[in-house]
Structures are given as C-alpha cells and as structure tokens.
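Quick note on labels: first sequence line is chain A, next is B, and so on, each numbered from 1. No experiment lies behind these values; they were computed from the predicted model shown.
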Number of protein chains: 2
Amino acid sequence: MEKYLEILKGSKLFANVAEPEMISMLACLGSRERQYNEGEFVFRRGDRVDSVSVLAEGGLIVQSDDYWGNRSIITSVGVGELFGVGYLAGEAIMNDVVAAEDSTVISFDAKRVLTVCPSACPRHAQVVRNLVFALSEANLRLVTKLGHIQKRTTREKLMSYLSLMAKKTGSSTFTIPFNRQQLADFLSVDRSAMSAELCRMRDDGLLRFNRNSFTLMESGRA
Amino acid sequence: MEKYLEILKGSKLFANVAEPEMISMLACLGSRERQYNEGEFVFRRGDRVDSVSVLAEGGLIVQSDDYWGNRSIITSVGVGELFGVGYLAGEAIMNDVVAAEDSTVISFDAKRVLTVCPSACPRHAQVVRNLVFALSEANLRLVTKLGHIQKRTTREKLMSYLSLMAKKTGSSTFTIPFNRQQLADFLSVDRSAMSAELCRMRDDGLLRFNRNSFTLMESGRA
DNA sequence: CGCCTTTCGTTGTAAATACAACAGACTTTC
DNA sequence: GAAAGTCTGTTGTATTTACAACGAAAGGCG
C-alpha cells in the first residue's frame, strides 16, 4: 500500500487531506489493494458495489455490451480517478469495468467511508465532501458525453468530441486516449463509417490527423 | 416554507432526518424558496451553481439546445428530486433547466451544506451522506439514458426506454412523462421518424399505445 | 528479416434516418 | 361552439449510416 501513497495523495478522494491523516485513515476505511491483468474484469454488470475504488496504476475502460454484442464505451478511467461510485445507492452496476492494461486498484469500504466515526478520523468529513465533488465530476463527464452522442450526425459528434479535447488540452494539436474502434464505440457509431467521415473532414480542411494525434484547423465549424 | 415541509421530509436530501431536526437545519443551511412560471428558466447554460436545489412543486426539464437549434432533453425532474447537483465542483452548468409547469424550488447554500457545522447541526452529516446517494442516483440516471441513446436504431432506443419503464412501474401498461416531441428529444431522434417507427412496432405486434399510455406485448424483443 | 496480428482506410450496397410538408384529432380560449 | 393552436400520424425524398469485405500500413516477435 505504501507504494501508492503518492498516488492516493493526489487522488480526488484525499484532496485537502494531509499525508499523516490520510495514512491513519487508510486502515479505518478498510482499504484493500488488488492487481488486475490486462483484459481482466474489475466489475461485471450485475455486481453490487459496496466500495469506493481508486485506480492506482494502469488504466480501465467502463463499457457495456448489449444483447447483440454491440459494445459501448462509457468512459475511461485514469490513474488517481475514482470509479464505480455511481452505484453507492445500492443499484446493481450496469456496465463492465475492464483493465485496459495491467492495473492496480485500491478500494475502500463504502459503508465505512460514509457512516463511521466522522469525529474519530479528523478528516473523515473532508473525504466525504471529496466524494461529493468526485460524484459531481462524474456527472459532468456523463453529461459531456451525452452532449457528444446526442449530436445527430457522425461529423457533429466528432467535432463535438475533438473540439472539447482541443479546449481541454489548450492546443489545437492533441492526442486522444482511444484508437479508432474505441473512439467509434465511445461516440456510438460504426468504425468504418467514422473513419470515412474523418477522411472527408480532412479533405474538407477541418482537421488533420495521424493515428491518434489530431490537429484542428482554423476554418473550424462546418 | 412550512407549506413544503412534507415534501422536504420525503425528499432524498432529508431521508433519515426527523422533522424537528430538519426544521432546525433549514435556517442553518440557508434555504430559499422561489416560484417559477411555466417556461421560465431555473438555470441557464453557463450559470455557476452554488446551491443544492429540491423541486417542491411542479416539474422541470433539463435540456440543451445546440448551435443549430436542435434540442436535447437530458432528463426530467419530479417533485422531491434534487437537481443541479452535478455542478458542485465548480464547473459552469452545461444545460438549461426550464419549468415544464408552474413550479416551486427550494434551494440550499451548497457551501453550508458541505462545509459548515457538522457538529452543531446534529444530522448534518446525514444530509451530506444523502447528497452522496442523490448524486449516485443522478449518475445512474445518466448511465441509463446513455444505455438508451447508444442503441443504434430508433426501434432499439424505444425498446430500451419502454422496457425500462415497464420494469420500473412493474406493469406492462404504463404512461410516460413525455409527449412525442419530448420523447424524441430525450432519445435524440427525429420526432416524425420516431412516430412512424412506433406505428411499425405496433403493427409488428410489439406494443400498443394511445397518447402517452403504452402497453408492451408478450411477444417482446424483436 | 519474415510472419503474424492489429489497426486503419476504402468502397459498394442495403438499411435507417432526417427533413419537410400536410392532414386529422384533440385542446384551449374566447 | 367556432377559431386558433397543439399534438400526432403519414408519406416521399435526400441524406446519412451500418455492414461486410478487403487491402495497405504499422507494430510485435521469433
């Protein structure tokens, strides 16, 4: 566990909690550490989640395959981020969470995080507040994704996603954390159709790209 | 404010908080009450939200119009539900919140809810926990909606939404809280195309409907 | 290097959707 | 109860997308 103190310190869950206090809370919160190999399932649809989990190493994909095998990528999870916190109210989880690479997950007993000893652990209340903020951000991510997907055409979806990425990185040139198939799954469109549309957008002078590196052109908004 | 005590008592925010304690907290949390007429904006895109709001009367729609005027309905808000809680982390709100009918909103100062006097107000910690659960549920709603929208065809989107409604109400006959245009906006499809698809589904024996009352047929899953 | 696997672009066709326009049913209002 | 307005269903056309299939390029590995 000590290995990951730095990461935990930088995670949303322990924002504004000093290291000594954090360490004293780790035991109190029932923390557990577990490794996952690439491709392994962290959660499966139908599981009940009774923990608050932080990714300490690696990368995760939150996805969902429907009855006919169409895969939808809900979101990706990076180091230091919380996940699975959308199901604390007791509902069964609706998506699979899969390790995109070898990963380490640190999880905390949800009941202890939420209900035990806010006085005994001096900064416990802060952790609960952090949880509120983390959930709030998760909400924002989902709404943002909805904003992309609700666009009517593939080109609009791509523009919506790519222009947000440019805004987030503060540069018109950036790389995305998806390959073509994953991007298509994320935007909920067909890969080959999306690939073709990307090329048309390039030919129309909207952008340039190479693999997962993109550059948006001034001409913009078509 | 007293008018709405019953509703507040039944709201997610004050679950497991006895009425006397709740009343003593109302002032402490900086509660405000405000009326909105049908069509009036409760929040506009770009607003900063520094409050936790509960709908006491009426009904709200969370929606977003894009640059070209296409409207997307994110969700509807019923009496007793929290809204706007996805933006506590400080980001600007991305959607408009509009009163679908004459409505009353009670809001609480977010900073006080999150940071003040967890000891002075005996059940303050419970309210913060409730907020976590409410956010968790909001997350779930969004993920559920994503599940509908990510379906590739209009028929699949309709089946996804309607079968969930049947499951939620526990009956194969139920009414939905949307008219056709709103349902189309919610599922992010064209209204007339959706209307036509609904009729084809009826002709295929999948369901029956009249206005916003639907009945799913045994034959199911096409 | 050569083989194998994965990823990406390309194309043609069938299917699905958006859009526009209109008619009928139902509501509201005066 | 007539008029105006709203909601829903219907149809035809142009556009967009999904699907399948394939070849080329890139990366991994013995």
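Shown are A/Q35, A/E40, A/E38, A/E57; of these, the side-chain contact (heavy atoms from CB on, under 4.5 Å) with A/D102 is made only by A/E38.
Atom CG of B/D204 and atom P of C/dA16 are 11 Å apart (whole Å). Protein atom CG of B/N212 is 15 Å distant from nucleotide atom P of C/dC26, rounded to whole Å. Rounded to whole angstrom, the span from the NZ atom of B/K151 across to the P atom of C/dA15 amounts to 22 Å. Between the CZ atom of B/R211 and the P atom of D/dC7 there is a distance of 9 Å, rounded to whole Å. Remark: P of D/dC19 and CG of A/D185 are 12 Å apart, rounded to the nearest angstrom. Taking atom CZ on A/R180 and atom C1' on D/dA25, their separation rounds to 13 Å, with Å as the unit. In this structure, A/K157 atom NZ and D/dT16 atom P are separated by 13 Å, rounded to whole Å. In this structure, the CG atom of B/N179 is 19 Å from the P atom of D/dG5, given to the nearest Å.
Residues of residues 188-203 of chain B having a heavy atom closer than 4.0 Å to DNA chain C, listed by number: B/V189, B/D190, B/S192, B/A193.
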Practice problem: Decide salt bridge (Lys or Arg N to Asp or Glu O under 4.0 Å) for A/R180 and A/D185; before the verdict, give the C-alpha distance in whole Å, the side-chain angles of both, and the deciding distance to 0.1 Å. | Solution: CA-CA 9 Å; A/R180 289 289 180 282; A/D185 289 341; over 6 Å; no

Exercise. Determine, step by step, whether B/Q150 and A/I149 satisfy the side chain to side chain contact (heavy atoms under 4.5 Å, CB included) criterion, reporting the C-alpha distance in whole Å, the side-chain angles of both residues, the deciding distance to 0.1 Å, and the verdict.
Key: CA-CA 8 Å; B/Q150 285 183 335; A/I149 291 193; 3.8 Å; yes

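Under a 3.5 Å cut-off, the side chain of B/T169 and the backbone N or O of B/M165 do form a donor-acceptor pair.
Among the heavy atoms of the strands, none lies under 4.0 Å from A/F178.
A ring-centre distance under 6.0 Å is found for B/Y161 and B/F186. In this structure, B/F108 has its ring center under 6.0 Å from that of B/F14.
A donor atom on one side chain and an acceptor atom on the other are found under 3.5 Å apart for B/T215 and B/T173.
Contact check on A/E197 versus A/K157 returns no salt bridge, with no Lys/Arg side-chain nitrogen under 4.0 Å from an Asp/Glu carboxylate oxygen.
For B/T153, the listed nucleotide lying nearest its side chain is C/dA16; candidates were C/dG9, C/dC26, C/dA16.
At its two ends the helix from C/dC1-D/dG30 to C/dC30-D/dG1 runs along axes set 50° apart, each axis drawn from five pairs and the angle rounded to 10°.
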Please list every donor-acceptor pair under 3.5 Å in which a side-chain atom of residues 76-101 of chain B meets a protein atom from a residue at least two apart or in another chain.
unit_1	atom_1	unit_2	atom_2	d
B/E81	OE2	B/G78	N	3.1
B/Y87	OH	B/N95	ND2	3.3
B/D96	OD1	B/R45	N	2.9

